[in-house]
Amino acid sequence: AQSVTQPDIHITVSEGASLELRCNYSYGATPYLFWYVQSPGQGLQLLLKYFSGDTLVQGIKGFEAEFKRSQSSFNLRKPSVHWSDAAEYFCAVGLNNNDMRFGAGTRLTVKP
Amino acid sequence: ETGVTQTPRHLVMGMTNKKSLKCEQHLGHNAMYWYKQSAKKPLELMFVYSLEERVENNSVPSRFSPECPNSSHLFLHLHTLQPEDSALYLCASSQEANTEAFFGQGTRLTVV
């Protein structure tokens, strides 16, 4: 079945530590790929996107993501996490049929 | 401020009530969306409008009725809802369907 998988429901990291959030998708063609962040009680904010070209994309707030076609993955990374990064993170794919599918989300907790 | 505004932010309604959610985008986008976000579930795409025409309806119950009078406004009319319809309802817009979406802050709906 076509899907977007975020294997980690909840991740806790210490402030200043590095972060990697995983995302895998299963669609026939390479879709458009996105990462969004959601703070409590708020809507989703786009962090970065991949349509084509360079497989390493830079986003806002110091985030980056790497598209790996062979692994059908689009993992989100940040070298040094700040307390303000605590939020819910969603991976999403845009399909050709006017659809956009989201993963179930990964909740990030940042320890002082 | 994402350029997508939703009202009201919070809504409590009885199962026999009729209410409407409103979404307005100031970005000049051509596509608008309604999503439902429930606890511990992925975002569910409900409706997609492209150039004011509905292009996607993911088998949403008829107690939810969308309306898109122009490219800047989107409504979700609610009637005879069930308690399980309580959720955060998110509106989004994008330049074209399935490209990067900009989200409103959502309407927290509680059905009693």
Side-chain angles (χ1 to χ4, degrees), chain A residues 1-10 23-52 57-61 63 65 67 74 87-107, chain B residues 1-10 21 23-25 27 29-51 53-60 87-110:
Chain A
Q2 297 179 331
S3 67
V4 182
T5 303
Q6 292 180 247
D8 305 304
I9 296 174
H10 183 203
C23 174
N24 293 92
Y25 64 91
S26 59
Y27 294 94
T30 300
Y32 299 153
L33 298 162
F34 309 87
W35 274 100
Y36 288 86
V37 61
Q38 185 180 31
S39 298
Q42 302 296 315
L44 278 69
Q45 180 184 21
L46 180 70
L47 284 176
L48 46 78
K49 63 189 178 189
Y50 173 78
F51 287 175
S52 64
V57 294
Q58 302 297 318
I60 62 171
K61 304 185 181 186
F63 285 92
F67 169 58
F74 188 57
E88 187 101 20
Y89 290 81
F90 294 91
C91 179
V93 299
L95 307 174
N96 290 333
N97 61 348
N98 301 309
D99 199 353
M100 183 175 286
R101 297 294 175 92
F102 285 80
T106 297
R107 183 160 62 91
Chain B
E1 177 60 49
T2 63
V4 180
T5 304
Q6 289 186 244
T7 54
R9 291 293 309 277
H10 300 272
L21 309 185
C23 177
E24 184 174 0
Q25 58 101 355
L27 302 168
H29 288 166
N30 294 321
M32 296 187 76
Y33 313 77
W34 280 116
Y35 284 90
K36 176 183 179 183
Q37 186 177 33
S38 305
K40 304 192 187 307
K41 293 177 67 175
L43 264 73
E44 301 172 52
L45 178 64
M46 301 177 71
F47 301 102
V48 179
Y49 277 83
S50 181
L51 296 173
E53 196 172 312
R54 189 192 302 182
V55 296
E56 187 78 28
N57 174 2
N58 289 296
S59 303
V60 178
L88 182 68
Y89 288 84
L90 292 165
C91 173
S93 72
S94 63
Q95 184 58 42
E96 297 173 3
N98 88 4
T99 59
E100 61 190 278
F102 292 77
F103 284 80
Q105 292 184 301
T107 295
R108 173 66 63 185
L109 174 67
T110 303

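The structure displayed is predicted, hence computed values, not measured ones. Every chain is numbered from 1 and lettered A, B, ... according to where its sequence line falls, protein lines coming before strand lines. Worth knowing before you read on, the calculation uses all heavy atoms, side chains too, and leaves out hydrogens, waters and symmetry mates.
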Checklist entry - Within the side chain of Q6(A), is there an N or O that forms a donor-acceptor pair under 3.5 Å with the backbone of C91(A)? => result yes
Item to check | Segment of A92(B) engaging chain A (4.5 angstrom heavy-atom cut-off) | outcome: neither
Item to check | Q37(B), part contacting chain A, at a heavy-atom distance under 4.5 Å | outcome: side chain
Item to check | Q38(A) portion near chain B, given a 4.5 angstrom heavy-atom threshold | outcome: side chain
Checklist entry - Given the side-chain rings of F103(B) and F90(A), with only the six-membered ring counted for Trp, is the space between their centroids under 6.0 Å? => result no
Checklist entry - Is there a donor-acceptor pair under 3.5 Å between the side chain of Y36(A) and the backbone N or O of A101(B)? => result yes
Checklist entry - Between L46(A) and chain B, which part of the residue has a heavy atom less than 4.5 Å away: side chain, backbone, both or neither? => result side chain
Checklist entry - In chain order, what residues pass the side-chain hydrogen bond (donor to acceptor under 3.5 Å, both in side chains) check against E88(A), with sequence neighbours excluded? => result none
